[in-house]
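Below is one structure, written out as structure tokens, with a few remarks after it.
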Number of protein chains: 2
Amino acid sequence: MTTTTSNRPDVLARADGSPVRALVVDDEPTLAELLSTALRYEGWQVDHALSGHAAVRAAKALDPDVIVLDVMLPDLSGIDVLRRVRATNPNVPVLFLTAKDAVEDRIAGLTAGGDDYVTKPFSLEEVVARLRALLRRTGAVSSREEAVLVVGDLRMDEDSHEVSRDGEDIRLTATEFELLRYFMRNPKRVLSKAQILDRVWQYDFGGQANIVELYVSYLRRKIDKGRTPMLHTLRGVGYVLKPSV
Amino acid sequence: MTTTTSNRPDVLARADGSPVRALVVDDEPTLAELLSTALRYEGWQVDHALSGHAAVRAAKALDPDVIVLDVMLPDLSGIDVLRRVRATNPNVPVLFLTAKDAVEDRIAGLTAGGDDYVTKPFSLEEVVARLRALLRRTGAVSSREEAVLVVGDLRMDEDSHEVSRDGEDIRLTATEFELLRYFMRNPKRVLSKAQILDRVWQYDFGGQANIVELYVSYLRRKIDKGRTPMLHTLRGVGYVLKPSV
DNA sequence: ACCGAACCTGTGAACTTGCTGAGGATGGGT
DNA sequence: ACCCATCCTCAGCAAGTTCACAGGTTCGGT
């Protein structure tokens with residue numbers, strides 16, 4: 001069961017086994033590209049639209065399983081796009097992108113229907129996690145999978161944010177949680193510091209590169225302290241999370 | 001029991017197991033959309049009509065289990081719609097939406113048959129709760145479910161509005177009750193402040209965002225004071241209600 | 001053994017987030 | 001008309017979190 005089309009342990013798929021279809025809507029080409037690439041890496045089929053009108057057309061033509069929608073588009077407001085898209089795709093879940101300091105971007109009611117949003121600047125890990133959560137909830141994909149990640153005796157419940165090792169509860173901060181989630185979604189795979197930085201930190205992070213080392217150190221303190229280590233350093237390469245067995 | 005079609009603990013269904021069918025009638029597209037999406041998220045099958053005539057037609061065609069009906073439609077009065085709908089669907093329960101300052105006796109006439117109403121602006125949590133109550137009362141759905149929510153030693157009777165923890169009665173205000181109900185319908189799931197705001201507060205709430213913090217604080221005072229805490233803060237993420245075990 | 005590079009981690013400052021007391025506004029009930 | 005419960009704003013405090021920096025440690029190669 002480990003060797004499917006991808007060696008990722010947890011690629012989501014639709015009921016008929018075909019890949020998840022996502023539509024990314026952002027007028028900034030760089031961001032649209034960044035998101036598209038990240039989602040393709042999840043094994044999904046991705047299209048993107050650079051305007052509201054294009055988004056409405058694309059939604060109609062492609063019938064995506066999920067939509068990532070920047071609420072700040074030049075031609076149509078987020079709510080307009082949503083309404084028009086819902087006219088043809090009444091059930092598609094939407095993840096909204098909104099500026100953090102947006103003067104009340106009127107996101108009110110957007111999460112009410114079960115949709116969700118993330119604020120810019122976001123981390124890719126966060127976007128992907130939320131999309132997966134949306135897909136899980138709406139049942140659009142065949143996920144035998146629960147919202148629980150398990151690696152060895154390490155356990156993470158994405159819904160309740162509970163983490164435990166060998167039954168013992170572990171409290172993590174938001175950043176630690178995201179970092180560990182990234183590791184747990186890629187067990188036994190070496191992740192370089194650059195990869196981790198790109199994935200777990202906000203895309204505009206401009207700080208010192210050793211922040212990853214610092215947080216790995218924090219994580220080890222919480223999950224490896226006094227136990228068989230699961231988080232290993234590969235000098236000059238990166239880090240791996242491996243079952244302690 | 002964890003792996004049903006949805007991971008919601010309490011999705012209502014009809015006798016034959018098919019989803020509940022709801023018809024939303026409101027001439028304001030945004031509101032109709034908001035309601036429809038929220039009800040779909042409950043796992044129901046939803047259609048909406050934007051006028052009285054369309055509503056009558058839709059009711060005939062769809063034979064819904066429940067109808068959400070704005071009494072203030074441009075083409076037909078609420079009474080007319082009700083009368084015509086009842087001609088083809090004599091038993092369908094109706095939840096009326098009415099403006100706050102609407103004349104009281106008219107509503108009284110409408111709801112005489114066991115129907116119910118909420119005033120605009122409403123909170124989604126309230127609408128959903130009333131609809132669930134209507135469905136329960138009319139027996140249109142197979143609800144093994146009682147009107148009682150239980151999480152750990154916390155108990156809430158939705159019909160009598162009684163709340164107790166470990167046998168001890170707790171008096172809650174209306175807002176506190178709705179907030180706790182939302183938590184109890186989503187135990188062990190992180191709820192963000194935005195989600196809570198969208199769901200528990202009226203859709204036109206434009207106030208300070210820290211209102212959620214305030215009410216969580218009130219709730220804790222009443223349900224957690226001097227006990228093992230059940231309402232936990234996840235900094236930067238949201239809140240979770242968990243059994244104190 | 002030695003050396004430099006890579007990595008680890010203690011310290012503390014800056015910042016963010018959440019909590020809660022005080023009090024104003026509102027509205028229903030008597 | 002008054003009172004009281006409730007809802008909500010505001011603002012200050014407390015606590016948690018993120019991050020830079022720097023000195024210490026480990027590792028691999030020679």
Side-chain angles (χ1 to χ4, degrees), chain A residues 100-101 104 108 119 121-123 125-126 161 163 170-180 190-197 200-226 229-240, chain B residues 99-102 104 119 121-123 125-126 161 163 170-180 190-197 200-225 229 231-241:
Chain A
K100 176 139 200 171
D101 53 350
E104 283 315 306
T119 57
F122 47 78
S123 78
E125 200 43 33
E126 196 183 349
H161 266 229
V163 174
I170 296 170
R171 280 200 57 206
L172 300 180
T173 71
T175 308
E176 290 163 357
F177 184 88
E178 286 224 339
L179 176 57
L180 181 58
V190 184
L191 304 173
S192 73
K193 282 188 269 196
Q195 268 179 308
I196 294 171
L197 202 57
V200 176
W201 269 260
Q202 302 174 349
Y203 55 76
D204 66 346
F205 180 81
Q208 299 299 306
N210 87 323
I211 191 77
V212 175
E213 294 168 19
L214 184 61
Y215 271 87
V216 165
S217 162
Y218 290 160
L219 259 190
R220 289 212 252 239
R221 213 172 289 176
K222 294 187 177 180
I223 72 171
D224 278 349
K225 196 66 162 287
M230 294 182 64
L231 211 36
H232 307 276
T233 303
L234 296 187
R235 211 152 227 275
V237 187
Y239 300 93
V240 214
Chain B
K100 182 134 197 173
D101 51 354
E104 283 299 328
T119 58
F122 47 79
S123 79
E125 202 42 34
E126 195 183 349
H161 266 230
V163 175
I170 296 170
R171 274 202 64 206
L172 299 180
T173 70
T175 308
E176 290 163 358
F177 183 86
E178 287 223 340
L179 176 57
L180 181 58
V190 183
L191 303 173
S192 72
K193 282 187 269 198
Q195 270 179 306
I196 295 171
L197 201 57
V200 175
W201 268 260
Q202 301 174 350
Y203 56 78
D204 66 345
F205 180 83
Q208 297 301 305
N210 87 323
I211 190 76
V212 175
E213 295 166 21
L214 185 64
Y215 271 87
V216 164
S217 166
Y218 290 160
L219 258 191
R220 288 212 252 239
R221 228 170 274 180
K222 295 188 176 179
I223 72 170
D224 277 349
K225 195 65 162 289
L231 211 34
H232 306 274
T233 302
L234 295 185
R235 204 151 233 272
V237 187
Y239 299 94
V240 213
L241 182 74

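In what follows, chains are A, B, ... by sequence order, proteins preceding strands, each numbered from 1. When reading the values below, keep in mind they use all heavy atoms of this one structure, side chains included, and skip hydrogens, waters and symmetry mates.
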Take the protein atom [atom1] of [X] and the nucleotide atom [atom2] of [N], then report the distance between them rounded to whole Å.
X      : N      : atom1 : atom2 : value
B:Y239 : C:dT17 : OH    : P     : 12 Å
A:R221 : C:dT9  : CZ    : P     : 7 Å
A:L234 : D:dG28 : CG    : C1'   : 14 Å
A:D224 : C:dT9  : CG    : C1'   : 15 Å
A:H232 : C:dC7  : NE2   : P     : 16 Å
B:L197 : D:dC7  : CG    : P     : 15 Å
A:E213 : D:dC27 : CD    : P     : 15 Å
A:L219 : C:dC7  : CG    : P     : 17 Å

Determine: side-chain N/O of [X] to OP1/OP2 of [N], distance under 4.0 Å, yes or no.
X      : N      : value
B:T173 : D:dC7  : yes
B:R235 : D:dT18 : no
A:K193 : C:dC7  : yes
B:S217 : C:dT20 : yes

Item to complete: Verify whether the ring centers belonging to A:F177 and A:H161 lie closer than 6.0 Å.
Response: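 Yes, the ring of A:F177 comes within the 6.0 Å limit of the ring of A:H161, centre to centre.
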Worksheet item: With ring centroids as reference points, do A:F122 and A:W201 lie under 6.0 angstrom apart?
Response: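 Centroid distance A:F122-A:W201: not below 6.0 Å, so no.
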Quick check against the 3.5 Å criterion: does [X] have a side-chain atom that pairs as donor or acceptor with the backbone of [Y]?
X      : Y      : result
B:D204 : B:P121 : no
B:E178 : B:T175 : no
B:K222 : B:R171 : yes

What protein N or O atoms touch nucleotides 8-13 of chain D N or O atoms at under 3.5 angstrom, if any, and at what distances?
| unit_1 | atom_1 | unit_2 | atom_2 | d |
| --- | --- | --- | --- | --- |
| D:dC8 | OP2 | B:W201 | NE1 | 3.0 |
| D:dC8 | N4 | B:Y218 | OH | 2.6 |
| D:dT9 | OP1 | B:Q208 | N | 3.2 |
| D:dT9 | OP2 | B:Q208 | N | 3.4 |
| D:dC10 | OP2 | B:Q208 | NE2 | 3.2 |
| D:dA11 | N6 | B:N210 | ND2 | 3.3 |

Worksheet entry | Distance in Å, A:R220 CZ paired with A:H232 NE2, rounded so as to fall on 0.5 Å steps |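 One gets 9.0 Å once the value is rounded to the nearest 0.5 Å.
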Discussion item. Is any side-chain heavy atom of A:K193 closer than 4.5 Å to one of A:E213?
Written reply: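 SC-SC contact between A:E213 and A:K193 confirmed.
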